[in-house]
Peer 1: 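Please see the structure below; I have some questions.
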Amino acid sequence: MALRPLDLFFFILSLFLLFPSPSLSDSATQFCSAGSEYGEVPSTRILIKGGTVVNAHHQQLADVYVEDGIIVAVQPNIKVGDEVTVLDATGKFVMPGGIDPHTHLAMEFMGTETIDDFFSGQAAALAGGTTMHIDFVIPVNGNLVAGFEAYENKSRNSCMDYGFHMAITKWDEDVSRDMEKLVKEKGINSFKFFLAYKGSLMVTDDLLLEGLKRCKSLGALAMVHAENGDAVFEGQKRMIELGITGPEGHALSRPPVLEGEATARAIRLARFVNTPLYVVHVMSVDAMDEIAKARKSGQKVIGEPVVSGLILDDHWLWDPDFTIASKYVMSPPIRPVGHGKALQEALSTGILQLVGTDHCTFNSTQKALGLDDFRKIPNGVNGLEERMHLIWDTMVGSGQISATDFVRITSTECARIFNIYPRKGAILAGSDADIIILNPNSSYVISSKSHHSRSDTNVYEGRKGKGKVEVTIAGGRIGWENEELKVVPGSGKYVEMPPFSYLFDGIEKSDANYLSSLRAPVKRVRTEAT
Ligand code: URP
Ligand code: ZN
Ligand code: ZN
């Protein structure tokens with residue numbers, strides 16, 4: 001197989017890093033970021049001229065000046081000297097880089113490991129205008145600290161900024177203690193509970209309750225994968241008994257009603273504990289309706305649809321070609337026609353708040369692990385490189401949302417929820433220089449032949465769109481320009497995320513109101529009869 005330019009670049013770079021001769025290592029440091037283990041890099045000064053600068057609440061014609069990884073000024077007609085790289089953004093949008101709240105890079109799952117690691121996944125992200133992502137750490141045999149350390153190792157080659165959520169897969173004193181350690185010492189402010197994947201990651205309601213209470217006390221956000229894992233198990237048995245072993249059995253075994261049930265249950269338990277809840281990968285109207293109801297009642301529930309659920313429908317799972325059908329297997333499943341459009345509407349009206357990808361990519365060889373049994377097809381689809389383009393084209397291009405809305409749902413809201421705004425998610429003086437330049441008149445075609453993921457397939461194969469990210473600046477460095485990646489392993493930073501985001505405002509007061517509403521314990525006078 002011929003090496004693509006990016007593969008060749010990775011190969012040469014890894015030779016530099018593995019066998020650094022004095023002259024080679026000198027030149028390698030030219031590419032490296034300040035503070036990385038590979039060396040120091042000169043300061044970067046960039047002026048973006050003449051674009052429309054878009055934030056979540058406002059857009060204006062302005063220049064943006066960047067120095068040493070930080071936005072220094074946002075105003076019209078900034079004058080600079082010759083040593084500054086000038087990018088002309090006339091007629092284009094200058095926006096905060098995307099933040100993907102939901103990825104799985106180098107994740108060991110269903111007997112294999114996702115094909116994109118922190119380097120290839122992030123390189124793909126930069127090519128698509130995403131400059132930060134939050135990945136899910138999976139504990140090692142239930143141990144959170146061991147899981148965190150494993151992910152510290154996995155992420156050493158990062159070429160853009162990233163943060164971590166932590167999954168909780170069992171409950172005991174050690175887990176409870178380690179949650180506190182991770183929040184207070186390691187910058188984790190969210191924990192995910194899987195209500196599906198019986199026999200591996202799934203937790204039961206008693207564990208979820210303990211976890212919700214602990215999250216509340218730490219100011220950490222509880223996240224749920226909401227499907228009824230026991231019922232899914234039953235549904236899978238039913239399909240096998242009917243002789244349905246192919247990818248369509250995946251969708252048939254876990255219908256929307258099981259997502260609606262688990263979403264409602266998690267929402268009610270979070271309400272009982274009085275702590276905020278974040279529902280990941282909302283794929284169905286059934287789940288979305290539960291979130292809408294809860295939010296209308298004043299409950300703090302965040303709903304995250306993912307690009308695949310917004311854009312695709314489930315007919316692919318019936319494709320006679322296993323390689324095609326299996327690439328669409330993810331959980332909860334991609335739903336029949338109608339769900340995606342309803343989720344788009346919910347996103348545009350504020351019922352759902354931000355868009356993720358659930359980037360969890362397996363190549364066709366890995367997917368073939370389930371050739372004879374859909375239960376063994378590794379669950380997951382791509383999207384990290386495609387998210388920004390597809391949301392722009394589908395939602396801004398169709399007039400469903402504005403450019404400012406686009407910034408809010410792809411970047412700013414994520415930064416606010418995970419408490420890193422305005423360092424991230426904004427084009428403001430003092431913010432990190434994570435910036436994209438998007439040309440609304442430029443077109444693209446998505447293909448596994450030209451994408452930057454390591455997978456040999458793409459669930460958006462052949463899809464055409466308008467509105468293309470022409471430049472991505474991450475941490476003040478140009479990482480994508482002229483259709484070329486300029487990425488450096490080790491240049492990405494781990495972003496610590498503090499607890500007690502805005503979602504926790506008012507919790508103490510509502511707890512106090514609850515206690516004073518109880519009219520209990522009632523003081524009873526004991527008579528002789530009692
Ligand atoms: O199919 C999926 N979603 N794979 C990744 C694991 C998860 O449930 O988020
Ligand atoms: Zn999940
Ligand atoms: Zn996921």
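Positions are given from 1 along the sequence. Side chains included, hydrogens not; waters and symmetry mates left out as well; all remaining heavy atoms used. Every number for a ligand or one of its atoms is a count from 1 in the order of the listing.
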Peer 1: Please report which non-hydrogen protein atom sits nearest to atom 7 (C) of ligand 1, along with the residue it belongs to and the distance in Å to one decimal place.
Peer 2: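 Protein heavy atom with the smallest distance to atom 7 (C) of ligand 1: Tyr197 OH, 3.5 Å.
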Peer 1: Between Lys198 and Phe233, is NZ or CZ placed under 6.0 angstrom from the six-membered ring centre and within 45° of the ring axis?
Peer 2: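 Flagged: Lys198 positioned over aromatic ring of Phe233.
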Peer 1: What atoms of ligand 1 come closer than 4.0 angstrom to any heavy atom of Met330?
Peer 2: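 So the atoms of ligand 1 that pass are 1 (O).
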Peer 1: Leu503 and Pro276: which non-hydrogen atoms are nearest, and at how many Å?
Peer 2: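 Distance-wise, the nearest heavy atoms are O-CG, 3.5 Å.
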Peer 1: Answer yes or no: is there a donor N or O on one side and an acceptor on the other, between the side chain of Thr457 and the main chain of Lys327, under 3.5 Å?
Peer 2: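 Not at all, since once roles are kept as given, no pair shorter than 3.5 Å links the two residues.
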Peer 1: Just which atoms of ligand 1 are under 4.0 Å from any heavy atom in His102?
Peer 2: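 Near His102, the atoms of ligand 1 are 9 (O).
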Peer 1: Of all the atoms in His102, is at least one N, O or S atom closer to the Zn ion (ligand 3) than 2.8 Å?
Peer 2: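 Checking the Zn ion (ligand 3) against His102, an N, O or S atom does fall under 2.8 Å.
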Peer 1: How are the rings of Phe406 and Trp392 set relative to one another: parallel (under 30°), tilted (30 to 60°) or perpendicular (over 60°)?
Peer 2: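 Phe406 and Trp392: perpendicular rings.
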Peer 1: May I ask you to list the atoms of ligand 1 that are less than 4.0 angstrom from any heavy atom of Lys192?
Peer 2: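 Counting atoms of ligand 1 from 1, those under 4.0 Å from Lys192 are 7 (C), 9 (O).
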Peer 1: Which class fits the ring pair Phe164 and Phe148: parallel under 30°, tilted 30 to 60°, perpendicular over 60°?
Peer 2: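 Ring orientation of Phe164 relative to Phe148: perpendicular.
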Peer 1: Mind checking whether His225 contacts ligand 1 via backbone (N, CA, C, O), side chain (CB onward), both or neither, at a 4.0 Å heavy-atom cut-off?
Peer 2: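 Answer for His225: side chain.
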Peer 1: Is there a donor-acceptor pair under 3.5 Å between the side chain of Glu304 and the backbone N or O of Val355?
Peer 2: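 It does not hold such a pair.
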Peer 1: Please report, to 10°, the angle around the Zn ion (ligand 3) from atom NE2 (His104) across to atom OD1 (Asp358).
Peer 2: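 It comes to 90°.
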Peer 1: Shortest non-hydrogen contact from Ser297 to Ala294?
Peer 2: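 Smallest heavy-atom distance, with atoms named: OG-O, 2.7 Å.
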Peer 1: In the protein, what heavy atom is nearest to atom 1 (O) of ligand 1, and what distance, to one decimal place, separates them?
Peer 2: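 The closest heavy atom on the protein side is Ser331 N, 2.8 Å.
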Peer 1: Starting from atom 3 (N) of ligand 1, what is the nearest protein heavy atom, named by residue and atom, and what distance separates them?
Peer 2: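 Closest protein heavy atom to atom 3 (N) of ligand 1: Asp358 OD2, 2.6 Å.
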Peer 1: Taking the six-membered ring of Tyr502 as reference, does the NZ or CZ atom of Arg416 fall below 6.0 Å from its centre and within a 45° cone about the axis?
Peer 2: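 Yes, Arg416 and Tyr502 form such a contact.
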Peer 1: Just give me the atom name: the N, O or S atom of His225 closest to the Zn ion (ligand 2).
Peer 2: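 Within His225, restricted to N, O or S, the Zn ion (ligand 2) is closest to atom ND1.
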Peer 1: Looking only at protein heavy atoms, which one is nearest to atom 4 (N) of ligand 1, and how far off is it?
Peer 2: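 For atom 4 (N) of ligand 1, the nearest protein heavy atom comes out as Asn379 O, 3.2 Å.
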Peer 1: Under 4.0 Å from a heavy atom of Cys360: which atoms of ligand 1 are those, numbered in the order shown and with their elements?
Peer 2: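 Counting from 1, the qualifying ligand atoms are 4 (N), 5 (C).
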Peer 1: With atoms numbered from 1 as shown, which atoms in ligand 1 lie under 4.0 angstrom from a non-hydrogen atom of Gly380?
Peer 2: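 Counting atoms of ligand 1 from 1, those under 4.0 Å from Gly380 are 1 (O).
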Peer 1: Do you know which N/O/S atom name in His281 is closest to the Zn ion (ligand 2)?
Peer 2: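 Minimum-distance N/O/S atom of His281 relative to the Zn ion (ligand 2) is NE2.
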Peer 1: Fit a plane to each ring of Tyr494 and Tyr162, take the angle between them on a 0 to 90° scale, and name the class: parallel (under 30°), tilted (30 to 60°) or perpendicular (over 60°).
Peer 2: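 The arrangement is tilted - the two ring planes meet at 30° to 60°.
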Peer 1: At under 4.0 Å between heavy atoms, which part of His250 makes contact with ligand 1: side chain, backbone, both or neither?
Peer 2: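 It is neither part, as no heavy atom is under 4.0 Å.
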Peer 1: Does Arg265 pair with Glu261 as a salt bridge, N-O distance under 4.0 Å?
Peer 2: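 Glu261 and Arg265: salt-bridged.
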